[in-house]
Amino acid sequence: MSKNIQSVRGMNDVLPGESEFWELFEETVRGWLKSYGYRPIRMPIVEPTPLFKRAIGEVTDIVEKEMYSFVDGLNGEPLTLRPEGTAGCVRALIQHNLAAQQPQRLYYMGPMFRHERPQKGRYRQFHQVGVESFGFAGPDVDAEQILMGARLWDDLGLDGIRLQLNTLGQPAERASHRAELIAWFERHADLLDEDAQRRLHTNPLRILDSKNPAMQEMIMAAPKLLDHLGDASLAHFEGVQQILRDAGIPYEINPRLVRGLDYYNLTVFEWVTDRLGAQGTVCAGGRYDGLVEQLGGKPTPACGFAMGVERLIALIREAGGEPAVPGVDVYVVHQGEAASRLAPRVAERLRDNGIDVLFHCGGGSFKSQMKKADASGAAFAVIIGDDEATAGEVTLKELRTGDGQPGQQKRVGVDDVAGEIMNSLMDWEEA
RNA sequence: GCGGCAUUAGCUCAGUCGGUAGAGCACUGGAUUGUGAUUCCAGGUGUCACCGGUUCGAUCCCGGUAUGUCGCCCCA
């Protein structure tokens, strides 16, 4: 076992049985995005390393210790497996000047890579659906994207996903709050635990998240960002909330809701569940008005969010959601030389008529072939022996009688099988 | 990256107070001539994750490694 090559830690195969859940999820998601007018965009999985350093922030955990970065040995170029999708999407937007004429609503789905310690709901190759809008400055698009989430959970048959909302204000407002916050923590340095000490100058907002009881009182009294927000920021936040209230979407304002990526401003939101243990965030996003310009484009307001596919699929499976059983309509059983020459033609003829056919390969007795026909989930077996072959006929047998009795069977001319089967399948759908 | 727990047949698991192992499901074949899902019969050497140590002897004790899992950190 140890001699065999295994998949890289934290990078998983999705096998039949689970992959159907992925396909169901993807179909649902595509229909949902289409209903909001978002259009697909596909970016490379590998991007120049500086893109992520500039977009995400040099001192974030992602950039400092989680990126799969390497130098292309063939030309010396520093490259990185994308740890998130927004940076690449913005890069593409700028490169192709997509927002020059019209605002854009875009989405993508695919693998992302972060070198973290794997856990349930956290993998080194994980998958996200990313949704981004460019060119809309008002709170309406923020609210639209939040409403989208609510609808998707419903489409997926999920409940118990709660919305948390916050505003980060504008960079200047945040900076003044941050300065005051650091000063506050420094005044109470004697209370700070080791974790907080470490984060004091890297990510002081995270200290507000500390669960250390000894620090709670001091944290509660710490300076509030809300007190640093100007009228415009407050109005934007209120605008988002107004639409949510009108839509009847419950939410909780969480002043400690912060982003791990530096590019966010104003609205931030997170959809969370408590059914996934430590990895409870299933979808998160917000506004990032400064990023396009920061990456060299024209100033362009932007707002987006990303969903964790593995986490959502785990929830779907836990909720008992089942994809449609992937079965074929017909299993073709055949034995004998003449029959085995006729059988492929019959199978192709059926497929010409839109019928899904599993063709038996590998020979074996009729008995063993019938077992496989049954296990395939097919509604019918088309049985071809040399008797049928010489008569230009096949035996059509029902497999799903539902009452444990052997299915009816009859001989049908080769030209009539497709018609017979289509009629029966239609009858079943009506019933 | 840190700490706890786990790792036995394809799957879900039992077991050996240290003497190299079992069940259910699944799978394959059979119960007379060309037919499934029920029933009956038959079929498993699986380096008991890997490497090393202690021991006459280790799957079972000890150490390390790998992988998973829970929590922390972080985040989708």
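Side-chain atoms are counted along with the backbone in the values below, which use heavy atoms only and exclude waters and symmetry mates. Chain letters run A, B, ... following the sequence lines, proteins first and then strands; every chain starts at 1.
- Rounded to the nearest Å, the gap between the C1' atom of B:rA66 and that of B:rG52 is 15 Å.
- With sequence neighbours excluded, the residues satisfying side chain to side chain donor-acceptor pair (under 3.5 Å) with A:Arg105 are A:Glu144.
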Margin query: Strictly under 4.0 angstrom, non-hydrogen atoms only: write out the protein contact profile of nucleotides 24-32 of chain B, one letter per nucleotide from the 5' end, B, S or -.
Written below: ----SS---

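- Looking at residues 139-155 of chain A, you'll see that no heavy atom sits under 4.0 Å from any atom of RNA chain B.
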Note to self: Can you build the contact string for nucleotides 65-70 of chain B? Use B for base contact, S for sugar-phosphate-only contact, and - for no protein heavy atom under 4.0 Å.
What the structure shows: --SSBB

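- Every ring-ring contact (aromatic ring centres under 6.0 Å, His included) that A:Tyr68 has, sequence neighbours left out, goes to A:His115.
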Tabulate below the donor-acceptor pairs under 3.5 Å that side-chain atoms of residues 383-393 of chain A make, not counting sequence neighbours, or state none.
residue  : atom : partner  : partner atom : Å
A:Asp386 : OD1  : A:Ala338 : N            : 3.3
A:Asp386 : OD1  : A:Ala339 : N            : 3.0
A:Glu388 : OE1  : A:Gly385 : N            : 2.9
A:Glu388 : OE2  : A:Thr395 : OG1          : 2.6
A:Thr390 : OG1  : A:Asp386 : O            : 2.9
A:Thr390 : OG1  : A:Asp387 : O            : 2.9
A:Glu393 : OE1  : A:Arg411 : NE           : 3.0
A:Glu393 : OE1  : A:Arg411 : NH2          : 3.3

Per-pair distances, 0.1 Å, donor-acceptor, side chain in residues 305-317 of chain A, under 3.5 Å, sequence neighbours excluded:
residue  : atom : partner  : partner atom : Å
A:Glu310 : OE1  : A:His127 : N            : 2.9
A:Glu310 : OE2  : A:His127 : N            : 3.3
A:Glu310 : OE2  : A:His127 : ND1          : 2.7
A:Arg311 : NE   : A:Gly121 : O            : 2.7
A:Arg311 : NH1  : A:Thr281 : O            : 2.7
A:Arg311 : NH2  : A:Gly121 : O            : 3.1

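- For RNA chain B, if you chain together Watson-Crick or G-U pairs that step i with j, i+1 with j-1 and so on, the runs of at least three with distances under 3.5 Å are B:1-7 with B:66-72, B:10-13 with B:22-25, B:27-31 with B:39-43, B:49-53 with B:61-65.
- Evaluation of the side chain to side chain donor-acceptor pair (under 3.5 Å) rule for A:Glu66 yields no partner, not counting sequence neighbours.
- The stretch residues 31-50 of chain A has no heavy atom under 4.0 angstrom from RNA chain B at all.
- Judged as a side chain to side chain donor-acceptor pair (under 3.5 Å), and not counting sequence neighbours, A:Glu318 has no contacts.
- For A:Phe134, there are no ring-ring contact (aromatic ring centres under 6.0 Å, His included) partners at least two apart in sequence or on another chain.
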